[in-house]
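Scroll down for the structure; my scribbles are underneath it.
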Amino acid sequence: MDNIITRFPPSPTGYLHIGGARTALFNWLYARKKGGKFVLRIEDTDQARSTKASVDAIFESLEWLGIDWDEGPYFQTDRYEIYSSYVQKLLDTGHAYYCNCTPEEVNAMRDEARAKGQNPMYNGKCREMNLEGGPGMVVRIKAPRMGSTVVEDVIKGNTSFPNSELDDFIIQRSDGSPMYNMAVVVDDITMGINTIIRGDDHLVNTPKQILIYNALSADLPVFGHVPMVLGSDRARLSKRHGAMSVSEYRDMGYLPDAMINYLVRLGWSFGDQEFFTRKELIEKFSLDHIGKSPSMFDMNKLTALNAKHIQAKTPAELSNELMPLLLQKEVKIKLEDDLEKAIETLQPRSKTLVEMAESALFYFKEDIEFEEKAAKKFFKPESLAPLKKSLEYMEALKEFTEKNLEDALKKVMDETSLKFGKIAQPLRVALTGTTVSPGIFEMILALGREKTLQRIQKAVQFIESKA
RNA sequence: GUCCCCAUCGUCUAGCCCGGUCCAGGACACCGGCCUUUCACGCCGGCGACAGGGGUUCGAAUCCCCUUGGGGACGCCA
């Protein structure tokens with residue numbers, strides 16, 4: 001099929017969660033891969049539960065993920081006239097009818113059906129009554145009673161649903177607003193959607209929608225139903241499983257590229273490849289390697305992938321992402337500070353941006369504090385000599401290079417007969433306040449001459465004051 | 001209850017459509033080792049799965065059936 005047109009139709013009754021994000025991603029990726037179009041549609045016909053805040057949250061999350069749309073956002077509430085004109089068509093062609101049964105009556109019918117061991121359904125009481133439309137009446141579709149409806153699904157294969165399980169479901173409420181299945185089909189037809197990838201909770205809706213397509217003599221789109229994403233307890237992902245909104249992952253320091261990489265791989269595979277750039281994903285994504293079984297969301301794997309994406313980025317790219325986090329922590333980055341160099345030293349040892357920001361602080365603080373435990377262990381009187389000598393030789397260097405610094409510390413080693421570790425650890429505490437940091441030389445280079453010397457001096461004073 | 005979907009290491013998955021190359025491969029997690037100035041990174045190794053039962057076949061993870069288990073849907077929600 002040429003001119004693939006896909007869509008993502010969230011209902012704005014909450015934030016964008018993992019499952020929704022993955023569905024959006026699949027549709028977006030497929031459209032991008034095929035050079036087609038991706039349409040965003042907001043399904044806000046449930047006025048009681050839809051909120052503007054949710055709409056904004058969804059936009060924000062999509063934007064963060066880098067999922068852009070070519071058309072829309074359309075709002076279903078702006079399209080009521082279109083829906084009613086299509087309902088009228090169905091009425092005119094005898095594919096639908098008015099019904100004045102009360103909810104209580106319908107409930108009774110359902111109970112009755114259930115008692116008989118059947119699927120709870122409307123019994124078709126008004127089907128042949130040819131009622132005139134009027135206030136308080138709903139419109140129902142005239143569903144076939146015999147035979148079966150086959151859903152051809154590119155992911156699940158063909159599935160056959162007995163029509164006896166379908167009732168004459170409501171397509172228009174008594175207030176004139178459309179029901180979900182009607183609105184969706186009308187939208188998908190009028191928007192030219194020809195490829196529908198959605199959660200497999202919709203698989204059982206599909207025969208109903210096919211019914212409407214047929215009644216409207218419209219061409220069927222290609223359907224693909226992707227399995228659900230489950231939480232660690234094997235139940236559908238929910239708030240119980242901690243962070244749910246996609247934007248919360250941003251706040252936890254995950255990169256959008258890592259997020260989409262993880263999300264796509266959750267259910268889709270490309271041989272043994274685990275790591276994908278955004279560009280690769282667009283090149284390689286396809287519908288025929290989407291799995292049929294539900295998958296569990298695994299934070300560990302997301303985190304591991306995030307670490308890999310952090311390593312794969314350039315320091316310049318990361319500095320854009322990191323800057324806001326650093327500012328939140330109230331450190332001042334000065335012009336002479338080499339943020340990118342600092343980032344480079346942190347890349348292999350940060351799993352998230354939050355972690356990276358945390359461990360970058362020592363580079364930029366005016367005044368670092370020595371951790372008590374670290375000072376106790378490494379700021380002993382015998383550390384004084386190597387620190388002083390290090391300071392002396394470093395001060396003597398015209399400029400700092402890895403080679404220079406190494407030579408300087410070698411001299412210290414020779415003169416003090418200490419092993420490298422005995423010199424490096426006190427230095428590390430002096431420079432960072434802690435016992436954990438990037439390698440000594442790369443760190444000094446990123447820190448710069450001035451701060452390095454100042455901090456060693458301060459450490460020397462600290463030890464002397466204790467003696 | 002009724003209908004529908006699904007089933008490979010703890011997790012994500014490759015392999016399944018087109019049976020033999022699979023006493024099942026990769027990744028995450030976990031455990032051990034190497035590297036080493038700390039912590040990481042990296043590298044090497046280990047643990048670990050075809051849900052069960054029947055069939056078909058010379059041969060089944062791969063095809064068929066049943067059972068079991070999990071998930072979903074049955075709304076004037078989407």
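Letters A, B, ... are given to chains in the order of the sequence lines, protein chains preceding strands, and every chain is numbered from 1. Hydrogens, waters and symmetry mates are skipped; everything else that's a heavy atom, side chains included, is used.
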Worked verdict on Tyr254(A) versus Thr303(A) for side chain to side chain donor-acceptor pair (under 3.5 Å): CA-CA 8 Å; Tyr254(A) 290 93; Thr303(A) 305; 2.8 Å; yes
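- With sequence neighbours excluded, no residue forms a side chain to side chain donor-acceptor pair (under 3.5 Å) with Glu355(A).
- In this structure, Lys308(A) is not positioned above the aromatic face of Phe275(A) in the sense of NZ or CZ being under 6.0 Å from the six-membered ring centre and within 45° of the axis.
- Using a 4.0 Å heavy-atom distance criterion, Thr45(A) is classed as a sugar-phosphate-only contact.
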Contact state string [nucleotides 15-21 of chain B, B base, S sugar-phosphate only, - no protein heavy atom under 4.0 Å]: S------
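- For the pair Arg110(A) and Tyr122(A), the cation-pi test (distance below 6.0 Å, angle within 45°) is failed.
- Within the nucleic acid shown, Ser160(A) comes within 4.0 Å of sugar-phosphate atoms alone, with no base atom in reach, counting heavy atoms only.
- In this structure, Gly267(A) reaches the sugar-phosphate backbone alone: every heavy-atom distance under 4.0 Å involves primed, P, OP1 or OP2 atoms, never a base.
- In this entry C18(B) has no Watson-Crick or G-U wobble partner, no candidate having both defining distances under 3.5 Å.
- Of all nucleotides listed (A78(B), C12(B), A29(B)), A29(B) comes nearest to the side chain of Asn300(A).
- Below the 3.5 angstrom threshold, one finds a donor paired with an acceptor across the side chain of Asn205(A) and the base of A78(B).
- Distances shown here put a side-chain N or O of Arg173(A) below 4.0 Å from the OP1 or OP2 atom of A78(B).
- With a 3.5 Å ceiling on both atom-pair distances, A40(B) lacks any Watson-Crick or G-U wobble partner.
- For the pair Arg140(A) and Phe169(A), the NZ or CZ position fails the cation-pi test of under 6.0 Å to the six-membered ring centre and within 45 degrees of the ring normal.
- For the pair Arg22(A) and Asp201(A), nearest-nucleotide mapping onto RNA chain B gives the more 5' position to Arg22(A).
- Closest to the side chain of Ile170(A), from the set C76(B), A78(B), C12(B), is C76(B).
- Note on Glu274(A): a base of the nucleic acid sits closer than 4.0 angstrom, heavy atoms only.
- One cannot find a donor-acceptor pair under 3.5 Å joining the base of G26(B) and the side-chain atoms of Gln273(A).
- At a threshold of 4.5 Å between non-hydrogen side-chain atoms, the residues Ser61(A) and Tyr15(A) do not count as touching.
- We find the OG1-CZ distance between Thr159(A) and Phe223(A) to be 12.0 Å, quoted to the nearest 0.5 Å.
- Using a 4.0 Å cut-off, some side-chain N or O of Ser295(A) falls inside it from OP1 or OP2 of U13(B).
- Checking the phosphate oxygens (OP1, OP2) of A78(B), no side-chain nitrogen or oxygen of Arg49(A) falls inside 4.0 Å.
- In this structure, CE of Met296(A) is placed 11 Å from P of U13(B), rounded to the nearest angstrom.
- Taking a pair to require two hydrogen-bonding distances under 3.5 Å in either a Watson-Crick or a G-U wobble arrangement, G1(B) pairs with C74(B).
- Using a cutoff of 4.0 Å between basic side-chain nitrogens and carboxylate oxygens, Glu442(A) and Arg349(A) are scored as salt-bridged.
- Using atom C1' as the reference point in both C66(B) and G25(B), the two lie 31 Å apart (nearest Å).
- Each of A78(B), A29(B), U2(B) was ranked by its minimum atom distance to the side chain of Glu165(A); first place goes to U2(B).
- If you check C50(B) for Watson-Crick or wobble pairing at under 3.5 angstrom, you find it has no partner at all.
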Base versus backbone protein contacts along nucleotides 35-44 of chain B [heavy-atom cut-off under 4.0 Å; B, S, -]: --BBBBSS--
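- Glu371(A) has no carboxylate O lying under 4.0 Å from a charged side-chain N of Lys376(A), or vice versa, which leaves the two without a salt bridge.
- A salt bridge does not link Asp414(A) with Lys411(A): every distance from a Lys NZ or Arg NE/NH1/NH2 to an Asp or Glu carboxylate oxygen is 4.0 Å or more.
- One can find a donor-acceptor pair under 3.5 Å joining the base of C12(B) and the side-chain atoms of Lys301(A).
- Distances from the side chain of Pro120(A) to the nucleotides U11(B), G1(B), G71(B) place G1(B) closest.
- Between Arg265(A) and the phosphate of U11(B), there is no side-chain N or O to OP1/OP2 separation shorter than 4.0 Å.
- For the residue pair Arg428(A)/Ser437(A), the side-chain donor-acceptor check at 3.5 Å is satisfied.
- For a distance-only test at 3.5 Å, the side chain of Asp200(A) fails to qualify as a donor-acceptor partner of the base of G72(B).
- Contact annotation for His202(A): base contact, defined as any heavy-atom pair under 4.0 Å involving a base atom.
- Rounded to whole Å, the C1' atom of U8(B) lies 24 Å from the corresponding atom of G45(B).
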